[in-house]
Visitor: 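Can you read through this structure? Questions will come right after.
Every chain is numbered from 1 and lettered A, B, ... according to where its sequence line falls, protein lines coming before strand lines.
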Amino acid sequence: MSEEKKSLNFIEQIIETDLKEGFDKSKLKFRFPPEPNGYLHIGHASSICLNFGLGLRYNAPVNLRFDDTNPIKEESAYVNAIKKDVEWLGFEWAEECYASDYFQQLYEWAVEMIKNGQAYVDSQDSEKIAEQKGTPTEPGQPSPHRERSVEDNLELFEAMKNGLTEPRAHVLRAKIDMSSPNMLMRDPVMYRTLHQAHHRTENDWCIYPMYDWAHGESDFIENISHSFCTLEFQPHRELYNWFIKCVSQEGELEPKQREFARRNLSHTIVSKRKLLQLVESKVVDSWDDPRMPTISGLRRRGYTPASIKNFANDIGIGKRENMIDVSRLEFSVRDDLNKTAPRVMTVLDPLKVVITNYPEGEEEMLVAENNPEDENSGTRELPFSREIYIEKEDFREEANRKFFRLKLGKEVRLKNAYFIKAEKAIKDDDGNIIEVHCTYDPETKSGSGTEASKRKVKGTLHWVSVKHAKPAEVRLYDRLFTVDDPTADKEKDFLDFVNPESLKVITAQVEPSLTSAKELDKFQFQRIGYFCVDQDSTSDHLVFNRTVTLRDSWKGK
RNA sequence: UGGCCUAUGGUGUAACUGGCAACACAUCUGGUUUUGGUCCAGAAGAGUCUAGGUUCGAGCCCUAGUAGGCCAACCA
């Protein structure tokens, strides 16, 4: 690995500074802390690449920790999906942890805090508590229960824990400062009472810790040195530190929370809540629908781990609002697939071509390069015969000289085959071209090295032999939304901007070698784009997903 | 009537902590090419939100504005 002098992002600079100031490098430890209430999306990829990237850079452990403190929204199905995605991206976590593993410790600490007068049970409903909280510009009012005795608090908290009180009748609150300019410091709720089974602890608990009370403590328990989260948690930092001070002893490692900006991607949304809405409203088929910006959706769409990691590293991390153009992501897959995807010939919109001077009934095998970008990719054989399909848009009766394709009286090269000249367009009663008659020049066979085969022609077309072609379902995916930022217009619902043409299903004719393609195999359909075998594909019914089109600099039609 | 964060080409990040703004994507030219792909060469595009200040010198420091974001779930 050549150590390129790449400038450090601000997170890396924080770590470098800590190291310089004497922080023990062997104590560096990070974590990626998803909540198992939905699938990971491209925004999480940035966080994953940041945390695991740091782990690799400093040879430090990185825990995968599920922030599972809200049993109402969380499920083990999400846990499994998340693990699969992180693994697929190619990262290895040091330990698989759960905030729920710490429920007992958290409870014991809470009891201590009650004894220390740092927490109390409030017996008001959430509306009342919110009311007393004040506003950002006005101080809050103390709860009437704020000065409850330690004995009463202990007794009530115990009752809450044992499910002897009504759900939501009481909460445990930290006693901090009802007039703090930081709303989060106005006696935040530490525990709510929920008589709800948890996906891991089942019915062991009737009280569940809130994020603020669980997250920093989890970091502390795991000896996480640096805890990175997104910008909206900035105001939580003060509380994060306050809680850790409550439970830590002198000299113990106190994790450091720092915040970075979440990545926004144009023409899509990166919000688990909205993604869930797309799934539930059936706009898409599932969390892994290839139009979804989820890791699983991108995987099914044909994205590679490398393309996603390169993308994340290229866009870097910062602290400002951002909107990254999808073209950046698209560049990343093309860049990767160009080097690795075998080239094949497929015709998406077939037009039959009859080569009138090619002997009837005859066929031959031609040699085709698998990938000109990869010397080791080898060659394969392609059947050629008298009747072939080409793309409808590759033929015109007449066209200007900017049209590098087939037109009457002119010659083009058939990729890996011969030169053909269009002689006659056959039309139906409505004047639609249904067939083209051509002649070929036997001297122009590809790879023959003849003078004739070196002739300059207007262009090169892909094709597939009619007799040998296999039909395949091809799903043409496009951007999910028609605008950059579907959430920008506060008057409208983001669903109003769903692209009605985000999926078009067609039947294409593909070269026979594709019948052996397996799920997730990726190909470049020459002159068209990159495609990937969908999970729905079978040997009887091939299904390909379009990952992305080829870059197209032709400004004609 | 508050607190915190942010402000660099169309987009995203840089600028060795003060030395006349770089890289990538996107855009446009030209060349190569059995993919109008790739690759190669090149162009255009910001003078760093504004106004002051410190300094020989400021995108980097200070002050005051302006703009945007976040904070009043028993969500995370």
Visitor: When you compare B:U34 with B:C28, how far apart are their P atoms, in angstrom units rounded to a whole number?
Guide: 25 Å
Visitor: With under 30° as parallel and over 60° as perpendicular, where do the rings of A:Phe494 and A:Phe481 fit, or are they tilted in between?
Guide: tilted
Visitor: To the nearest Å, give me how far apart NZ (A:Lys454) and C1' (B:U32) are.
Guide: 17 Å
Visitor: So which nucleotide from B:C5, B:A26, B:G37 ends up closest to the side chain of A:Gln234?
Guide: B:C5
Visitor: Report the base-pairing partner of B:U33 (Watson-Crick or G-U wobble, both distances below 3.5 angstrom), or none.
Guide: none
Visitor: Parallel under 30°, tilted from 30 to 60°, perpendicular over 60°: which one fits the rings of A:Phe523 and A:Phe544?
Guide: perpendicular
Visitor: Let's test your reading of the model: under 3.5 Å, does the base of B:U35 pair with the side chain of A:Gln524 as donor and acceptor?
Guide: yes
Visitor: Taking the side chain of A:Lys456 as heavy atoms from C-beta outward, which of B:U35, B:G2, B:U34 is closest to it?
Guide: B:U34
Visitor: What about A:Arg413, does its side chain sit under 3.5 Å from the base of B:U35 through a donor-acceptor pair?
Guide: no
Visitor: Before we go on, tell me: are the rings of A:His236 and A:Tyr240 under 6.0 Å apart, centre to centre?
Guide: no
Visitor: To the nearest angstrom, how far is A:Ile14 atom CD1 from B:C5 atom P?
Guide: 13 Å
Visitor: Suppose we screen for ring-ring contact (aromatic ring centres under 6.0 Å, His included). Which residues come up paired with A:Tyr440, at least two apart in sequence or across chains?
Guide: A:Tyr358, A:Tyr418
Visitor: Taking the C1' atom in each of B:G42 and B:C4, what is the distance between them to the nearest angstrom?
Guide: 47 Å
Visitor: List every contact pair, protein side and nucleotides 72-76 of chain B side both N or O, where the distance is under 3.5 Å.
Guide:
| from | atom 1 | to | atom 2 | distance (Å) |
| --- | --- | --- | --- | --- |
| B:C74 | O2' | A:Arg168 | NH1 | 2.3 |
| B:C74 | N3 | A:Arg168 | O | 3.3 |
| B:C74 | N4 | A:Gln124 | O | 2.8 |
| B:C74 | N4 | A:Arg168 | O | 2.9 |
| B:C75 | OP2 | A:Arg192 | NE | 3.1 |
| B:C75 | OP2 | A:Arg192 | NH2 | 2.8 |
| B:C75 | O3' | A:Arg192 | NH2 | 3.2 |
| B:C75 | O2' | A:Asn70 | ND2 | 3.2 |
| B:A76 | OP1 | A:Thr69 | OG1 | 2.7 |
| B:A76 | OP1 | A:Arg192 | NH1 | 3.2 |
| B:A76 | OP1 | A:Arg192 | NH2 | 2.9 |
| B:A76 | OP2 | A:Tyr211 | N | 2.9 |
| B:A76 | O4' | A:Glu35 | OE1 | 3.4 |
| B:A76 | O3' | A:Asp67 | OD2 | 3.3 |
| B:A76 | N6 | A:His236 | NE2 | 3.2 |

Visitor: Write down the partner of B:C4 under the Watson-Crick or G-U wobble criteria, each distance required to be under 3.5 Å.
Guide: B:G69
Visitor: Does A:Arg527 have a side-chain nitrogen or oxygen under 4.0 Å from the phosphate oxygens OP1 or OP2 of B:G36?
Guide: yes
Visitor: Using the C1' atom as the point on both nucleotides, what is the distance between B:G47 and B:A15, in whole Å?
Guide: 14 Å
Visitor: What is the distance, to the nearest angstrom, from the CD atom on A:Glu259 to the C1' atom on B:C71?
Guide: 13 Å
Visitor: On RNA chain B, compare the nucleotides closest to A:Ile315 and A:Arg551; which residue's is nearer the 5' end?
Guide: A:Ile315
Visitor: Tell me which nucleotide among B:U13, B:A15, B:G36 gets nearest to the side chain of A:Asp552.
Guide: B:G36
Visitor: What nucleic acid atoms does A:Pro372 come within less than 4.0 Å of, heavy atoms only: base, sugar-phosphate, or nothing?
Guide: base
Visitor: To the nearest Å, give me how far apart CZ (A:Arg237) and C1' (B:G3) are.
Guide: 14 Å
Visitor: In the strands shown, is B:A24 matched to any nucleotide by a Watson-Crick or G-U wobble pair with both distances under 3.5 Å, and which?
Guide: B:U11
Visitor: Taking the side chain of A:Asn416 as its heavy atoms from C-beta onward, which of B:U11, B:U13, B:U34 lies nearest to it?
Guide: B:U34
Visitor: Among the candidates B:G37, B:U35, B:U6, find the nucleotide nearest to the side-chain atoms of A:Arg320.
Guide: B:U6
Visitor: Is there a donor N/O on one and an acceptor N/O on the other, under 3.5 Å, for the side chain of A:Thr460 and the base of B:U35?
Guide: no
Visitor: Using a 90° cut-off around 0 for syn, call B:A73 syn or anti.
Guide: syn
Visitor: Expressed in whole Å, how much space separates the P atoms belonging to B:G59 and B:U48?
Guide: 7 Å
Visitor: When the distance from CZ of A:Phe404 to P of B:U34 is rounded to whole Å, what number comes out?
Guide: 14 Å
Visitor: In the structure shown, which nucleotide is the Watson-Crick or G-U wobble counterpart of B:A64, with both distances under 3.5 Å?
Guide: B:U50
